[in-house]
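Below is one structure, written out as structure tokens; comments come after it.
Chain letters run A, B, ... following the sequence lines, proteins first, then strands; residues in each count from 1.
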Amino acid sequence: MKDIRVRFAPSPTGPLHIGGARSALFNFLLARKYGGSVILRIEDTDLERSSRESEKDIMDSLRWLGLSWDEGPDIGGPYGPYRQMERLDIYKKYVEKLFEKGYAYHCYCTEEELEQQRQELLAKGEMPRYTGVCYGLSEEERRKREEEGRKPVVRFRVPQDRIIEINDLVRGKVSFESSGIGDFIIVKSDGVPTYNFAVVVDDHEMGITHVIRAEEHLSNTPRQVLLYEALGLTPPEFAHISLILGKDRSKMSKRHGATSINQYRREGYLPEAMVNFLALLGWSPEGEEEVFSVDQLIERFSMDRVAKSPAVFDLEKLRWLNGVYIRNSDLERIAGLALPYLQEAGYASENPGPEEWERIKNVVEAVREYLGALSEITEHVRIFFETQFDFEDEKAAAVLREEQVPAVMEALKSKLAGVDSLDKEGAKKLLKEVSKEVKLKGRKVFMPIRVALTGMTHGPELHDIIPLLGAEEVIRRVEASMAKVRE
RNA sequence: GGCCCGUUGGUCAAGUGGUUAAGACACCGGCCUUUCACGCCGGUAACAGGGGUUCGAAUCCCCUACGGGUCACCA
């Protein structure tokens, strides 16, 4: 079998979108699975909206996700250049070919004229499409229009009464009639090719074997197939994957929340969670397992397990999956990723020294099981950093009014007196001693301590909290809380 | 509107003519635990509707409904 070559071809008109990332992922998985190549091609022919900033953002996001490419604008490759605006001379040759074969012609219609034609067709109840009024214009007519200062576009002459059949890897056979397609523009009046044309030239020139892209391109495919035929070329395999929808089942957009990869990155989602989640959106593994590393995904991925139907983006499931990775990843790494959020909240210094770093790691370890995203950490670590706090609710305050509480607190304070450092094990032991001393156990002794120290009836393990606060602060909080409850 | 694609629990989804219609998230309940969470165990919940074909349809065909895509000098 010929080596697989896939491409991811974003237009740099904004940050990398969730859907674009998933297309890139599927291409990546297929290529890596079969030892093929991934080509990154920048489709920047929309001069108005394309920007180098977007291009950079897209590449950053792809790298962050771990979706590498083998050829691209940054690293070059044997089929370059990899930005369409740098390939204009290549397209020119193909346009010439089309002219020679009689498949291309100049069109001088203005926007107003086109709009008028459209209205007329609509009025007749016909489908609005370009009917080829400029086809077969004589030299003289053309010269006349040029003299008027009109800049022509190049249109492709669509053969009539053709049935175009596509064998889509995810949808099976799909057929279209060419009569539903008007003569479309392949070169704009400024000499820049349009998408449908450039994509054909580039996919061919770059030796692309499989085109995996979003479903919105399905109805463009017959145009491209016609172009391949006119040029005497063989089309690649196509696979059109379904769209990603928002909660209300319409196409994912800003109002559904974050749509770009970098937003999720900023909110503290881990790249492996994003990749894992995106893979599950439209593809399903064979077994019952759903948590997979990229390598496992590569091993298991296959196009025939890609779903046809669109999928709603389920943030809850992403949060769960992200939580799985937060809990299971190396603490050093998670703490490092959580640090910016702690710094922003004023809980960590700009450059933590070894001692502070140690404390931060312990804090992160104590609360990581609560997190769906790293940014949520600030809500859970307040108890370690805010020395002033109120009781969460009346229920919490009431705990401290129970009759055994004074004895518990006295025992705790006396055990703590003179202790200058204690670790988790020390704290466990100390709590046990307190329990023994007051001859009570369970929530009778531990809940009051928890409330006295944090103001809340829930939270991390007491033996994690106490070492982090230190004996002195524990005593201080106990006294402050007891004073408060006596008021 | 024409053309194209799609429709299994709230969500992601398995399923390719005969299954008690998987699994995951969410939800509910229980266990674990000094609390919450984590973890473990269990539960509620689905084949859009109507016609066919067939001994038998979630699976095949047709129609309807609904959702989406596309019909740009955007990709």
Side-chain angles (χ1 to χ4, degrees), chain A residues 9-13 43-50 84 107 109 111 114 118 122 125-130 151-155 166 168 170-172 174-177 179-182 184-196 198-199 213-223 240 242-243 245 247-251 277 280-291 305 307-321 323-324 327 367-371 380 399 431 435 441-451 454 456-463:
Chain A
S11 68
T13 54
E43 309 215 323
D44 53 356
T45 55
D46 183 344
L47 273 21
E48 296 285 301
R49 298 191 300 150
S50 295
Q84 291 188 323
C107 169
C109 293
E111 254 178 79
L114 292 172
R118 200 170 296 139
L122 239 28
E126 280 179 47
M127 172 160 146
R129 72 191 133 77
Y130 187 74
K151 284 250 183 287
V153 300
V154 180
R155 281 184 189 270
I166 295 154
D168 193 276
V170 354
R171 271 148 226 289
V174 182
S175 60
F176 300 85
E177 286 176 34
S179 50
I181 304 170
F184 55 91
I185 295 174
I186 56 176
V187 182
K188 307 180 214 177
S189 54
D190 59 2
V192 178
T194 58
Y195 166 74
N196 279 122
V199 81
R213 66 204 342 180
E215 192 191 341
E216 53 192 322
H217 291 295
L218 184 56
S219 13
N220 277 321
T221 311
R223 285 167 238 270
H240 289 94
S242 60
L243 264 14
L245 272 27
K247 247 194 157 42
D248 62 355
R249 302 213 133 259
S250 69
K251 191 172 161 179
F277 178 71
L280 258 20
L281 222 51
W283 170 82
S284 65
E286 219 152 323
E288 293 178 359
E289 193 67 32
E290 293 201 340
V291 181
R305 294 193 69 82
K308 303 185 215 304
S309 48
V312 172
F313 186 88
D314 184 3
L315 189 61
E316 277 307 309
K317 186 154 182 177
L318 206 212
R319 287 191 68 253
W320 165 75
L321 200 50
V324 169
R327 268 171 255 133
V367 301
R368 79 207 289 201
E369 69 200 46
Y370 295 99
L371 309 178
H380 294 94
V399 170
L431 286 166
S435 180
K441 50 183 176 175
R443 55 192 316 147
K444 280 267 179 224
V445 11
F446 300 114
M447 191 51 83
I449 296 176
R450 171 177 300 287
V451 172
T454 68
M456 298 191 290
T457 53
H458 56 86
E461 304 281 0
L462 272 184
H463 54 245

### Query
Where each residue is assigned the nucleotide of RNA chain B containing its nearest heavy atom, which of V312(A) and E177(A) is assigned the position nearer the 5′ end?
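With V312(A) and E177(A) compared, the 5'-side residue is E177(A).
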### Message
Between L281(A) and N196(A), which residue's closest nucleotide on RNA chain B lies nearer the 5′ terminus?
### Response
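The 5'-side residue here is L281(A).
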### Task
Describe, in one word, how the ring planes of H380(A) and Y370(A) are oriented to each other, choosing from parallel (under 30°), tilted (30 to 60°) and perpendicular (over 60°).
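If you compare the ring of H380(A) with that of Y370(A), the planes turn out parallel.
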From [X] [atom1] over to [Y] [atom2], what is the distance, rounded to the nearest 0.5 angstrom?
{"X": "F176(A)", "Y": "L218(A)", "atom1": "CZ", "atom2": "CG", "value": "4.5 Å"}
{"X": "S242(A)", "Y": "R171(A)", "atom1": "OG", "atom2": "CZ", "value": "6.0 Å"}
{"X": "T45(A)", "Y": "D190(A)", "atom1": "OG1", "atom2": "CG", "value": "9.5 Å"}

Could you check whether [X] gets within reach of a base, just the sugar-phosphate, or nothing at all, counting any heavy atom under 4.0 Å?
{"X": "S435(A)", "value": "nothing"}
{"X": "S189(A)", "value": "base"}
{"X": "G282(A)", "value": "sugar-phosphate"}
{"X": "T45(A)", "value": "sugar-phosphate"}
{"X": "V153(A)", "value": "base"}

### Under 4.0 Å protein heavy-atom contacts per nucleotide of nucleotides 30-49 of chain B, with B for base, S for backbone only and - for none
----BBBBSS----------
### Task
Could you encode protein contacts along nucleotides 61-70 of chain B as a string, one character per nucleotide from 5' to 3', using B for base contact, S for sugar-phosphate-only contact and - for no contact, with a heavy-atom cut-off of under 4.0 Å?
------SBBS
Rounding to the closest angstrom, what is the interatomic distance between [N] and [M] at atom [atom1]?
{"N": "rA46(B)", "M": "rU20(B)", "atom1": "C1'", "result": "15 Å"}
{"N": "rC60(B)", "M": "rU53(B)", "atom1": "C1'", "result": "8 Å"}
{"N": "rC12(B)", "M": "rG17(B)", "atom1": "C1'", "result": "27 Å"}
{"N": "rA26(B)", "M": "rC38(B)", "atom1": "P", "result": "8 Å"}
{"N": "rC63(B)", "M": "rU70(B)", "atom1": "C1'", "result": "24 Å"}
{"N": "rC66(B)", "M": "rC28(B)", "atom1": "C1'", "result": "31 Å"}
{"N": "rU44(B)", "M": "rG50(B)", "atom1": "C1'", "result": "30 Å"}
{"N": "rG68(B)", "M": "rU8(B)", "atom1": "P", "result": "15 Å"}

Shortest side-chain distance from [X], nucleotide among [options]:
{"X": "A311(A)", "options": "rA13(B), rA75(B), rA26(B)", "result": "rA13(B)"}
{"X": "K188(A)", "options": "rG15(B), rA26(B), rC73(B)", "result": "rC73(B)"}
{"X": "S284(A)", "options": "rA13(B), rC4(B), rC12(B)", "result": "rA13(B)"}
{"X": "R171(A)", "options": "rC3(B), rG6(B), rA75(B)", "result": "rG6(B)"}

### Task
Assess whether atom CD of E177(A) is packed by more than 12 heavy atoms of other residues, nucleotides or ligands within 6.0 Å.
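12 or below, so no.
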Take the protein atom [atom1] of [X] and the nucleotide atom [atom2] of [N], then report the distance between them rounded to whole Å.
{"X": "R319(A)", "N": "rA24(B)", "atom1": "CZ", "atom2": "C1'", "answer": "16 Å"}
{"X": "D314(A)", "N": "rA24(B)", "atom1": "CG", "atom2": "C1'", "answer": "10 Å"}
{"X": "L280(A)", "N": "rU11(B)", "atom1": "CG", "atom2": "C1'", "answer": "12 Å"}
{"X": "D46(A)", "N": "rA72(B)", "atom1": "CG", "atom2": "P", "answer": "16 Å"}
{"X": "F184(A)", "N": "rA75(B)", "atom1": "CZ", "atom2": "P", "answer": "13 Å"}
{"X": "I186(A)", "N": "rC74(B)", "atom1": "CD1", "atom2": "P", "answer": "14 Å"}
{"X": "K308(A)", "N": "rC12(B)", "atom1": "NZ", "atom2": "C1'", "answer": "17 Å"}
{"X": "L318(A)", "N": "rA24(B)", "atom1": "CG", "atom2": "P", "answer": "19 Å"}

Can any side-chain N or O of [X] pair as donor or acceptor with the backbone N or O of [Y] at less than 3.5 Å?
{"X": "S189(A)", "Y": "K151(A)", "answer": "no"}
{"X": "R327(A)", "Y": "L371(A)", "answer": "no"}
{"X": "K247(A)", "Y": "V312(A)", "answer": "no"}

### Message
OP1 or OP2 of rG10(B) versus the side-chain N and O atoms of K247(A): is any pair under 4.0 Å?
### Response
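Result: no.
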If we only count heavy atoms from C-beta on, is the [X] to [Y] side-chain gap below 4.5 Å?
{"X": "D46(A)", "Y": "S11(A)", "answer": "no"}
{"X": "Y195(A)", "Y": "R223(A)", "answer": "no"}
{"X": "T457(A)", "Y": "V451(A)", "answer": "yes"}
{"X": "W320(A)", "Y": "F277(A)", "answer": "no"}
{"X": "V174(A)", "Y": "P222(A)", "answer": "no"}

### Sole candidate of V199(A), V153(A), I185(A) that passes side-chain contact (heavy atoms from CB on, under 4.5 Å) when paired with T194(A)
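Filter result, single survivor: I185(A).
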### Message
As a check on the pairing definition, encode RNA chain B in dot-bracket form, counting Watson-Crick and G-U wobble pairs whose two distances are under 3.5 Å, and using | for partners outside this strand.
### Response
((((((((.[[[..)..(....]]].(((((.......)))))....[[[[[..)....]]]]])))))))....
### Query
salt bridge (charged side-chain N to carboxylate O under 4.0 Å, His left out) with D314(A): which residues, sequence neighbours excluded?
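D314(A) satisfies salt bridge (charged side-chain N to carboxylate O under 4.0 Å, His left out) with no other residue.
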Expected rows: protein N/O vs nucleotides 19-23 of chain B N/O, under 3.5 Å:
residue : atom : partner : partner atom : Å
rG23(B) : O2'  : E288(A) : O            : 3.1
rG23(B) : N2   : E290(A) : OE2          : 3.0

### Task
Would you please name every residue forming a side-chain hydrogen bond (donor to acceptor under 3.5 Å, both in side chains) with T221(A), sequence neighbours left out?
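Per chain and number, T221(A) pairs via side-chain hydrogen bond (donor to acceptor under 3.5 Å, both in side chains) with R213(A), H240(A).
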